[in-house]
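Taking it in order: structure first as structure tokens, then the write-up.
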Amino acid sequence: MSTQKPMLSICCITYNHGKFLAQAIESFLMQQASFEFEIVVGDDCSTDETVSVAKSFAEKYPEKIRFTSTKKNQGSHYNLINTLQYCTGKYIALCEGDDYWTDPHKLQKQVDFLEHNPDYVICCHYTRVIDENNNTLYVHPKPVPLIHTYHDLLAGKQEETKTATVIYRNVPGIHQLFHRPWFFSCHAGDKIFKLFATHQTGSKIYVMPEVMSCYRNHVGGIWSMINTQVRMERMISDFNLIIKNFSYPALQKKLLLLLYVKRYLLFELTRFRLRKAYDTVKYLL
């Protein structure tokens, strides 16, 4: 790796993404930018060909790619933290090993935006949802610019901010999240990360009206293909974690109660989770 500090670091965490990782790394290497960037691939003790794929790229591009791995499987949260410690850029771009970018100017566009707009901490863009065979499952027909504040995210509004679209400012306050014990209990770490980043900095998220990445739905995906009931249980668990660990005014508290009633209460009641429902409602009253 070069000893010169890059403008941007690409943080790619991976686990059993052997079928897809090459496409992800190739989409990083195709980026055309006026600045230096590094690629850091962090593996979480994969059992397929992920490691051999990552090592082959690291050996071929030693000045550009760093490969790191855990000694045992630790989960995505710990893998992210471990990989980020090697990211030295002013900005950090996120993309997991089963997703990939489609626009060779993606990094340049997003960095240019952040350089000229200091009141934004994260820049995202629209994404195409695909299956294992690269067939399109969904893409927004008419992308428009979006702005998300901390309070928007708190209310569950995070449209078009998937992990593979995120570039954020590498400032110390954001990574304080990883020193919060409750972070390791959350399921949607990307959602919590965006909440924490906007809360800590008081800054916003800007979503560019361009489709510049692909998000892959596949059987091995951590979130995309899990059982609907399990997904809902995890969303409720994260909701309770959020309301207890983030600050908000009285009016927002009422809005959060309405959000809970609208999205989650019926699910809880039909599964006789009366005590859990009672505790959540009581906390927000």
What do the steps show when you test Val40 against Ile65 for side-chain contact (heavy atoms from CB on, under 4.5 Å), and what is the final call? CA-CA 6 Å; Val40 184; Ile65 301 175; over 6 Å; no

Q) Given Lys19 and Glu132, is the salt bridge (Lys or Arg N to Asp or Glu O under 4.0 Å) satisfied, shown in steps? A) CA-CA 9 Å; Lys19 291 168 56 179; Glu132 288 192 60; 2.9 Å; yes

Report task. Start with the C-alpha gap between Phe183 and His77, add the side-chain angles, then the distance that decides, and say whether ring pair (Phe, Tyr, Trp, His ring centres under 6.0 Å) holds. Result -> CA-CA 8 Å; Phe183 170 68; His77 294 350; 4.6 Å; yes

| query | Could you walk me through whether Tyr61 and Ile39 pass the side-chain contact (heavy atoms from CB on, under 4.5 Å) check? | reply | CA-CA 10 Å; Tyr61 302 96; Ile39 301 167; over 6 Å; no

Run the side-chain hydrogen bond (donor to acceptor under 3.5 Å, both in side chains) check on Tyr91 and Gln110 step by step: do they pass? CA-CA 10 Å; Tyr91 300 102; Gln110 290 180 273; over 6 Å; no

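By the 4.0 Å N-to-carboxylate-O rule, Arg216 lies too far from Glu96 to be salt-bridged with it. A salt bridge links Arg275 to Asp279: one of the charged nitrogens lies within less than 4.0 Å of a carboxylate oxygen.
The shortest side-chain heavy-atom distance between Leu114 and Arg169 falls under the 4.5 Å cut-off. Side-chain contact between Thr163 and Asp99: absent, with no pair of heavy atoms (C-beta onward) separated by less than 4.5 Å. Using a 4.5 Å cut-off on side-chain heavy atoms (C-beta onward), Phe37 and Met7 make no contact. Side-chain contact between Ser27 and Thr102: absent, with no pair of heavy atoms (C-beta onward) separated by less than 4.5 Å. Side chains of Ile167 and Ile122 form no contact here, defined as non-hydrogen atoms less than 4.5 Å apart. No side-chain heavy atom of Thr136 sits under 4.5 Å from any side-chain heavy atom of Asp131. No side-chain heavy atom of Tyr15 sits under 4.5 Å from any side-chain heavy atom of Thr50. Contact check for Phe57 versus Lys64: no side-chain heavy atoms found under the 4.5 Å cut-off.
Atom OH of Tyr168 and atom OG1 of Thr198 lie 14.0 Å apart (nearest 0.5 Å). Rounded to the nearest 0.5 angstrom, Leu284 CG and Lys244 NZ are separated by 9.5 Å. For the atom pair Thr149 OG1 and Asp152 CG, the distance stands at 3.5 Å (nearest 0.5 Å). Atom CG of Asp98 is separated from atom NE2 of His17 by 3.5 Å, given to the nearest 0.5 angstrom. The CG atom of Asn170 sits 10.5 Å away from atom SG of Cys11, with the distance rounded to the nearest 0.5 Å. We find the CG-CD distance between Asn227 and Glu233 to be 8.0 Å, quoted to the nearest 0.5 Å.
For the pair Arg271 and Phe267, the cation sits on the ring face: its NZ or CZ lies under 6.0 Å from the ring centre, inside 45° of the axis. Judged by the 6.0 Å and 45° rule, Lys253 forms no cation-pi pair with Tyr248.
Side chain to side chain, Tyr260 and Glu268 meet the donor-acceptor criterion of an N or O pair below 3.5 Å. Judged by distance alone, the side chains of Asn73 and Asp44 do bring a donor and an acceptor atom under 3.5 Å apart. With hydrogens and angles left out, the side-chain atoms of Asn79 and Ser76 include no donor and acceptor closer than 3.5 Å. Residues Lys106 and Gln31 have side chains that never bring a donor and an acceptor to within less than 3.5 angstrom of each other. For the residue pair Thr165 / Glu160, no side-chain donor-acceptor distance below 3.5 Å is found, with atom types taken as modelled.
Hydrophobic clustering of Ile, Leu, Val, Met, Phe, Trp and Tyr side chains at less than 4.5 Å, counting indirect connections, keeps Leu94 apart from Phe20. Residues Val53 and Met30 are members of separate hydrophobic clusters, defined by side-chain heavy-atom contacts under 4.5 angstrom among Ile, Leu, Val, Met, Phe, Trp and Tyr. Leu285 and Leu251 fall into different hydrophobic clusters, where Ile, Leu, Val, Met, Phe, Trp and Tyr are joined by side-chain heavy atoms under 4.5 Å apart, directly or via other members. Using a 4.5 Å cut-off between side-chain heavy atoms of Ile, Leu, Val, Met, Phe, Trp and Tyr, with links allowed through other members, Met232 and Leu258 fall into different hydrophobic clusters. Linking Ile, Leu, Val, Met, Phe, Trp and Tyr residues whenever their side-chain heavy atoms come within less than 4.5 Å places Phe239 and Leu269 in a single cluster.
Cluster partners of Tyr100, by chain and number: Ile130. The rule joins Ile, Leu, Val, Met, Phe, Trp and Tyr whenever side-chain heavy atoms lie under 4.5 Å apart.
The aromatic rings of His199 and Tyr150 are tilted relative to each other, their planes meeting at an angle between 30° and 60°. Between Phe184 and Tyr78, the angle of the ring planes stays under 30°, which puts this pair in the parallel group of the 30/60° scheme.
Ser9 contributes no side-chain N or O that, together with a main-chain N or O of Cys87, makes up a donor-acceptor pair within less than 3.5 Å. No donor-acceptor distance shorter than 3.5 angstrom exists from the side chain of Gln200 to the backbone of Ile174, with no hydrogens or angles considered. A donor-acceptor distance shorter than 3.5 angstrom exists from the side chain of Trp101 to the backbone of Ala164, with no hydrogens or angles considered. Thr70 places a side-chain N or O within 3.5 Å of a backbone atom of Lys72 that can act as its donor or acceptor partner. Looking only at distances, no side-chain donor or acceptor of Ser69 sits under 3.5 Å from a matching main-chain atom of Asp43. Asn16 places a side-chain N or O within donor-acceptor distance of the main-chain N or O of Thr47, the cut-off being under 3.5 Å. At distances below 3.5 Å, at least one donor-acceptor pair connects side-chain atoms of Thr201 with backbone N or O atoms of Ala197. Asn117 contributes no side-chain N or O that, together with a main-chain N or O of Asp119, makes up a donor-acceptor pair within less than 3.5 Å.
Scanning all heavy atoms of the two residues, the minimum distance from Gly173 to Phe196 falls at O-CE2, 3.4 Å. Smallest separation of non-hydrogen atoms from Asp238 and Ala188: OD2-N, 2.7 Å.
By the 6.0 Å contact criterion, OH on Tyr283 is enclosed, its count of non-hydrogen atoms from other residues, nucleotides or ligands being greater than 12.
For the side-chain hydrogen bond (donor to acceptor under 3.5 Å, both in side chains) test with Gln158, the passing option among His148, Lys191, Lys194 is Lys194; the others fail.
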Identify each donor-acceptor pair in which a side-chain atom of residues 202-213 lies under 3.5 Å from a protein atom, sequence neighbours left out, and give them as a table.
from: Glu210; atom 1: OE1; to: Lys109; atom 2: NZ; distance (Å): 2.7
from: Ser213; atom 1: OG; to: Thr127; atom 2: OG1; distance (Å): 2.7

